[in-house]
Amino acid sequence: MKKIVIAGGSGFLGQTLAQWFLSRGDQVIILTRKKRKGLLGESVLWDGINEGSWFTCLERADALINLAGRSVNCRYHPSNRREIMESRTRSTQILGKAVQRCKAPPRLWLQSSTATIYLHRHDQANDEAFGIVGAHADAKDAFSVEVAKAWENAFNTLQVPSTRKILLRTAMVFGEQPGGVYHVLRRLVRFGLGGSMDGGQQWVSWIHAEDVCRALDWMIEKEKATGIYNLCAPVPLRNVEMMSWMRQICRAPLGFGLPHPRFILELGAILIRTETELVIKSRNVVPKRLLNEGFRFRFETFDSMLRDIEKTL
């Protein structure tokens with residue numbers, strides 16, 4: 001039995017991971033800002049800012065998984081920008097202090113980051129060693145790239161010599177649990193709104209939630225795994241292809257989906273209080289290290305992933 005601590009584990013991905021590890025007989029502890037009904041795993045309260053007695057739950061942990069951070073699905077006005085940045089950097093820093101206090105610190109720290117850190121591009125794919133150049137005006141991603149770099153820097157500068165460290169540049173995660181992107185896109189498709197977005201030529205990197213769980217389990221067991229890993233499926237696809245598969249497999253009415261040109265996306269983003277960067281940026285990312293080091297994905301293609309999730313609904 002392994003001891004797994006998940007910071008920020010009350011959301012879609014955290015609860016997916018909790019369910020996975022619990023099903024294998026492991027102990028799961030969720031660091032959460034408030035206790036929630038129906039939360040999988042043992043709840044330990046923290047605020048993501050201050051040190052406290054909560055640090056003792058990290059003692060002798062096999063893995064600390066840090067997912068803490070305010071959702072980016074919002075308008076990027078000043079107060080939200082501040083919360084997005086600080087909720088990531090400050091929670092990472094305080095976890096570092098907690099790990100340093102432990103007499104028997106976690107064996108492994110799996111730190112969430114984002115594939116958004118890579119260059120917006122339509123040509124070659126970005127792997128772990130290639131593609132971090134900066135923001136691109138067409139993608140409107142200056143703030144997101146700034147956050148990603150600050151988040152990683154907060155993690156990389158922490159000195160925890162007794163704890164192995166892995167940085168996870170994670171793509172869009174699809175799964176059956178509530179709260180994920182799959183259910184948002186599925187609703188659009190079922191209402192006849194599942195057409196391509198902003199022309200549809202931007203690349204989409206993605207991963208099945210089960211492969212996220214399998215990859216993290218693999219990293220826990222693989223003692224030599226360290227450094228940066230892209231957490232995404234091996235076969236990215238363009239937005240127009242993604243939405244075509246969504247319409248086909250999620251049974252769009254008459255197989256039709258209204259396309260979304262840029263001006264419609266901008267208007268819709270204002271109405272639903274989000275940002276177009278989340279869908280217009282081209283994220284062409286591949287998991288070179290995972291593949292080279294022997295990890296095998298169960299779901300390599302977007303259609304196989306969709307069919308697996310859809311059959312559970």
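For the single chain, residues carry numbers from 1 onward in sequence order. These values consider heavy atoms only, across backbone and side chains, with no hydrogens, waters or symmetry-generated copies.
Using modelled atom types and a 3.5 Å distance limit, the side chains of Arg283 and Thr116 yield a donor-acceptor pair. Between the side chains of Asn284 and Ser282, no donor N or O sits under 3.5 Å from an acceptor N or O. In this structure, a donor-acceptor pair under 3.5 Å is absent between the side chains of Ser10 and Gln15. A donor-acceptor contact closer than 3.5 angstrom is absent between the side chains of Arg75 and Asn80. Between Gln177 and Tyr182, the side chains place no donor N or O within less than 3.5 Å of an acceptor N or O (distance only, hydrogens not considered). Between the side chains of Tyr229 and Arg289, a donor-acceptor pair is found at a separation under 3.5 Å. Side-chain contact of Thr92 with Thr89: a donor-acceptor pair under 3.5 Å is absent, judged by distance alone.
When atom types are taken as modelled, the side chain of Ser205 and the backbone of Val285 share a donor-acceptor pair closer than 3.5 angstrom. In this structure, Lys3 contributes its side chain and Cys57 its backbone to a donor-acceptor pair below 3.5 Å. The backbone N or O of Val181 lies less than 3.5 Å from no partner atom in the side chain of His183, so there is not a single donor-acceptor pair. Although no hydrogens or angles enter the test, the distance criterion places no donor-acceptor pair under 3.5 Å between the side chain of Asn230 and the main chain of Cys232. Remark: the backbone N or O of Asp141 is not paired with any side-chain donor or acceptor of Ser144 at under 3.5 angstrom. Using a distance-only test at 3.5 Å, with no hydrogens or angles considered, a donor-acceptor pair links the side chain of His122 to the main chain of Gln201. The backbone N or O of Lys103 lies less than 3.5 Å from a partner atom in the side chain of Glu59, making a donor-acceptor pair. Side-chain atoms of Asn156 come within 3.5 Å of backbone atoms of Glu152 as a donor-acceptor pair (strictly under, hydrogens ignored). Between the side chain of Arg90 and the main chain of Ile49, no donor-acceptor pair closer than 3.5 Å is present. Between the side chain of Glu275 and the main chain of Ala269, no donor-acceptor pair closer than 3.5 Å is present.
No side-chain heavy atom of Val160 sits less than 4.5 Å from a side-chain heavy atom of Pro106. Side-chain contact between Leu278 and Val72 is present, with heavy atoms from C-beta onward closer than 4.5 Å. A 4.5 Å side-chain heavy-atom check between Leu108 and Ile166 finds at least one atom pair inside the cut-off. With a 4.5 Å cut-off on side-chain heavy atoms, Leu168 and Val212 do not count as touching. Counting heavy atoms from C-beta outward, Phe302 and Met242 have side chains that approach closer than 4.5 Å. No side-chain heavy atom of Ile117 sits less than 4.5 Å from a side-chain heavy atom of Asn126. Annotation: side chain of Cys213 is not in contact with side chain of Glu210 (no heavy-atom distance under 4.5 Å). Taking 4.5 Å as the limit, every side-chain heavy atom of Thr56 sits out of range of all side-chain heavy atoms of Leu58.
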Pair Glu86-Arg70, salt bridge (Lys or Arg N to Asp or Glu O under 4.0 Å): steps then yes or no
CA-CA 9 Å; Glu86 291 184 355; Arg70 188 203 195 284; over 6 Å; no

Applying side chain to side chain contact (heavy atoms under 4.5 Å, CB included) to Tyr76 and Ile84, what does each step give before you reach the verdict?
CA-CA 9 Å; Tyr76 291 168; Ile84 289 169; 3.9 Å; yes

Where do Ile4 and Gln27 land on the side chain to side chain contact (heavy atoms under 4.5 Å, CB included) test, with the steps shown first?
CA-CA 6 Å; Ile4 310 296; Gln27 178 188 10; over 6 Å; no

Between Ile6 and Ile29, does the side chain to side chain contact (heavy atoms under 4.5 Å, CB included) criterion hold? Intermediate values first, please.
CA-CA 6 Å; Ile6 307 176; Ile29 298 173; over 6 Å; no

Verdict with reasoning, Glu277 to His120, per side chain to side chain contact (heavy atoms under 4.5 Å, CB included)
CA-CA 11 Å; Glu277 181 259 334; His120 166 82; over 6 Å; no

Start with the C-alpha distance between Phe55 and Trp46, add both sets of side-chain angles, then the distance that settles ring pair (Phe, Tyr, Trp, His ring centres under 6.0 Å), and finish with yes or no.
CA-CA 9 Å; Phe55 91 93; Trp46 77 323; over 10 Å; no

Set out, in order, the CA-CA distance, both residues' side-chain angles and the distance that settles salt bridge (Lys or Arg N to Asp or Glu O under 4.0 Å) for Asp211 and Arg214, then state yes or no.
CA-CA 5 Å; Asp211 276 333; Arg214 293 178 60 250; 2.7 Å; yes

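Crowding of Arg60 atom CZ: a count of heavy atoms from other residues, nucleotides or ligands under 6.0 Å not exceeding 12. The number of heavy atoms from other shown groups lying within 6.0 Å of CZ (Arg251) is above 12.
When hydrophobic clusters are built by joining Ile, Leu, Val, Met, Phe, Trp and Tyr residues whose side-chain heavy atoms come closer than 4.5 Å, directly or via intermediates, Val240 is not grouped with Leu306. Trp206 and Trp245 end up in the same hydrophobic cluster when Ile, Leu, Val, Met, Phe, Trp and Tyr side chains are linked at under 4.5 Å. Follow the hydrophobic side-chain contacts under 4.5 Å out from Ile309 and you never reach Trp20; the two are in separate clusters. In the hydrophobic clustering of ILVMFWY residues, with side-chain heavy atoms under 4.5 Å counting as a link, Leu31 and Leu40 come out apart. Residues Ile249 and Met246 are members of one and the same hydrophobic cluster, defined by side-chain heavy-atom contacts under 4.5 angstrom among Ile, Leu, Val, Met, Phe, Trp and Tyr.
Put simply, CG on Asp47 and OG1 on Thr32 are 11.5 Å apart, with the number rounded to the nearest 0.5 Å. Distance check, rounded to the nearest 0.5 Å: CZ of Arg88 to OG1 of Thr114 gives 8.5 Å. A distance of 11.5 Å separates CH2 in Trp151 from CE in Met85, rounded to the nearest 0.5 Å. Rounded to the nearest 0.5 Å, atoms CG (Leu167) and CD1 (Ile228) are 5.5 Å apart. To the nearest 0.5 Å, the span separating CG on Asn66 from CG on Leu95 amounts to 5.0 Å. Ile207 CD1 to Phe174 CZ: the interatomic distance, rounded to the nearest 0.5 Å, is 11.5 Å.
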N/O donor-acceptor pairs under 3.5 Å from side chains in residues 185-197, not counting sequence neighbours:
| from | atom 1 | to | atom 2 | distance (Å) |
| --- | --- | --- | --- | --- |
| Arg186 | NE | Glu310 | OE1 | 3.1 |
| Arg186 | NE | Glu310 | OE2 | 3.3 |
| Arg186 | NH2 | Glu310 | OE2 | 2.7 |

Listed pairs under 3.5 Å, donor-acceptor, residues 219-227 side chains, sequence neighbours left out:
| from | atom 1 | to | atom 2 | distance (Å) |
| --- | --- | --- | --- | --- |
| Glu223 | OE2 | Arg107 | NH2 | 2.3 |
| Thr226 | OG1 | Lys165 | O | 3.0 |

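Residue Phe12 comes nearest to Ala209 through the heavy atom pair CZ-CB, 4.5 Å, listed as atom of the first residue, atom of the second, then distance. Closest approach of Pro234 to Val286, counting heavy atoms only: O-CG1, 4.1 Å. Taking all atoms of both residues into account, the shortest heavy-atom contact from Ser112 to Leu67 is CB-CD2, 4.0 Å.
Taking the charged nitrogens against the carboxylate oxygens, Lys2 and Asp62 have no contact shorter than 4.0 Å, which rules out a salt bridge. Between Lys281 and Asp138 there is no salt bridge, since no side-chain N of the basic residue sits under 4.0 Å from a carboxylate O of the acidic one.
For the side-chain contact (heavy atoms from CB on, under 4.5 Å) test with Asp198, the passing option among Ile280, Val279, Asn239 is Ile280; the others fail.
Using bins of under 30°, 30° to 60° and over 60° for the plane-to-plane angle, the ring pair His208/Phe299 lands in the parallel bin.
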